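Notes to accompany the following structure.
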Amino acid sequence: SSTMSFSEAEVQSARGAWEKMYADAEDNGTTVLVRMFTEHPDTKSYFTHFKGMDSAEEMKQSDQVRGHGKKVFTAINDMVQHLDNSEAFLGIVNPLGKKHATQLKIDPKNFRIICDIILQLMEEKFGGDCKASFEKVTNEICSHLNNAYKEAGW
């Protein structure tokens with residue numbers, strides 16, 4: 001469905017949870033990407049400039065990995081600000097999904113991988129409640145990205 005149903009309480013607790021992660025956007029974003037590349041090495045193939053990097057340490061130091069980690073977190077942050085406004089939310093998600101589908105040709109399963117790693121990191125750093133309050137957001141993000149892929153003919 002194109003409408004999202006977050007209660008005001010869900011919006012507030014999701015934003016509270018995300019704020020903790022976003023307070024350290026570059027480091028947390030980098031950690032998420034490094035885990036993805038380490039645990040799912042096939043995902044590195046989409047990033048030509050990360051291909052030669054094998055050690056997590058090397059990736060953590062890379063300006064490109066850090067820059068992309070921050071970019072991912074900034075995009076999610078924009079979405080989190082619009083959980084109570086479907087139109088604005090989709091205005092961010094749809095072009096992002098379309099770009100990844102048509103230009104970058106990224107397999108959409110990677111969005112779920114990133115979201116799961118974000119939830120895992122949230123739980124490690126801030127506990128299960130924090131993770132629980134953000135889970136619905138990641139489901140919405142992934143399902144809307146998948147819709148954007150379908151519309152792009154993926």
Side-chain angles (χ1 to χ4, degrees), residues 1-47 50 59 64-154:
S1 73
S2 64
T3 57
M4 297 185 301
S5 51
F6 284 96
S7 69
E8 190 49 42
E10 284 174 323
V11 169
Q12 292 314 320
S13 72
R15 282 188 183 148
W18 176 251
E19 263 166 32
K20 295 177 182 172
M21 284 290 277
Y22 194 64
D24 206 353
E26 192 174 315
D27 276 345
N28 287 332
T30 301
T31 299
V32 167
L33 284 186
V34 170
R35 274 191 198 180
M36 177 174 80
F37 294 146
T38 313
E39 293 165 15
H40 306 269
D42 55 306
T43 57
K44 275 200 300 189
S45 65
Y46 294 110
F47 295 91
F50 304 165
M59 290 180 220
Q64 276 126 333
V65 176
R66 297 190 72 80
H68 198 73
K70 184 150 197 225
K71 203 188 243 181
V72 169
F73 267 48
T74 303
I76 294 173
N77 191 57
D78 290 344
M79 294 173 202
V80 169
Q81 300 318 312
H82 295 103
L83 293 176
D84 42 11
N85 179 341
S86 305
E87 208 177 315
F89 180 89
L90 293 173
I92 299 162
V93 171
N94 289 337
L96 193 78
K98 198 175 172 186
K99 182 184 179 186
H100 281 75
T102 57
Q103 290 173 31
L104 305 169
K105 301 192 180 355
I106 306 279
D107 189 320
K109 76 171 179 359
N110 293 314
F111 296 122
R112 188 69 256 174
I113 291 173
I114 281 198
C115 282
D116 286 344
I117 295 170
I118 288 172
L119 292 173
Q120 183 190 14
L121 187 62
M122 274 184 151
E123 186 168 30
E124 287 166 21
K125 290 192 142 194
F126 309 112
D129 288 351
C130 185
K131 175 193 171 186
S133 61
F134 202 67
E135 220 150 352
K136 187 172 175 180
V137 176
T138 63
N139 293 338
E140 286 290 339
I141 291 173
C142 289
S143 81
H144 288 294
L145 284 169
N146 284 329
N147 289 346
Y149 266 71
K150 285 189 196 104
E151 282 170 26
W154 184 268

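Please read these numbers as outputs of a predicted model, since none were measured by experiment.
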(message) So, using side-chain hydrogen bond (donor to acceptor under 3.5 Å, both in side chains) as the criterion, who are the partners of Asn85 when residues are at least two apart?
(response) none
(message) Could you work out, with side-chain contact (heavy atoms from CB on, under 4.5 Å) as the rule, every residue matching Leu83, not counting sequence neighbours?
(response) Phe6, Val11, Ala14, Val80, Phe89, Val137
(request) Mind checking the CG-CE spacing from Asn28 to Met21? Nearest 0.5 Å is all I need. (result) 4.5 Å
(message) How about CG on Asn139, more than 12 heavy atoms from neighbouring residues, nucleotides or ligands closer than 6.0 Å, or not?
(response) yes
(request) With sequence neighbours excluded, tell me which residues meet ring-ring contact (aromatic ring centres under 6.0 Å, His included) with His82. (result) none
(request) Would you give the length of the straight line joining atom CD of Glu140 to atom OG of Ser5, rounded to the nearest 0.5 angstrom? (result) 6.5 Å
(request) Without swapping roles, check the side chain of Lys71 against the backbone of Gly29 for a donor-acceptor pair under 3.5 Å. (result) no
(request) Could you list the residues that satisfy side-chain contact (heavy atoms from CB on, under 4.5 Å) with Ser133, not counting sequence neighbours? (result) Ser13, Ala17
(request) Kindly write out the residues that satisfy side-chain contact (heavy atoms from CB on, under 4.5 Å) with Glu123, not counting sequence neighbours, or none if the list is empty. (result) Lys131
(request) Output all residues satisfying side-chain contact (heavy atoms from CB on, under 4.5 Å) with Arg35, sequence neighbours left out; order by chain, then residue number. (result) Thr31, Glu39, Ile117, Gln120, Leu121, Glu124
(request) Hey, could you give me each pair passing side-chain hydrogen bond (donor to acceptor under 3.5 Å, both in side chains) that has a residue in residues 92-107? Not counting sequence neighbours. (result) none
(request) Could you list the residues that satisfy salt bridge (charged side-chain N to carboxylate O under 4.0 Å, His left out) with Lys70, not counting sequence neighbours? (result) none
(message) Run the side-chain hydrogen bond (donor to acceptor under 3.5 Å, both in side chains) test against Glu151 and tell me which residues pass, sequence neighbours left out.
(response) none
(request) Would you please name every residue forming a ring-ring contact (aromatic ring centres under 6.0 Å, His included) with Tyr149, sequence neighbours left out? (result) Phe111, Trp154
(message) Restricting to side-chain hydrogen bond (donor to acceptor under 3.5 Å, both in side chains), what partner residues turn up for Gln81, sequence neighbours left out?
(response) Asn77
(request) Compute the centroid of each ring, for Trp18 and then for Phe126, and state whether the two points are separated by less than 6.0 Å. (result) no
(message) Which residues pass the side-chain hydrogen bond (donor to acceptor under 3.5 Å, both in side chains) test with Arg66, not counting sequence neighbours?
(response) Glu26, Asp27
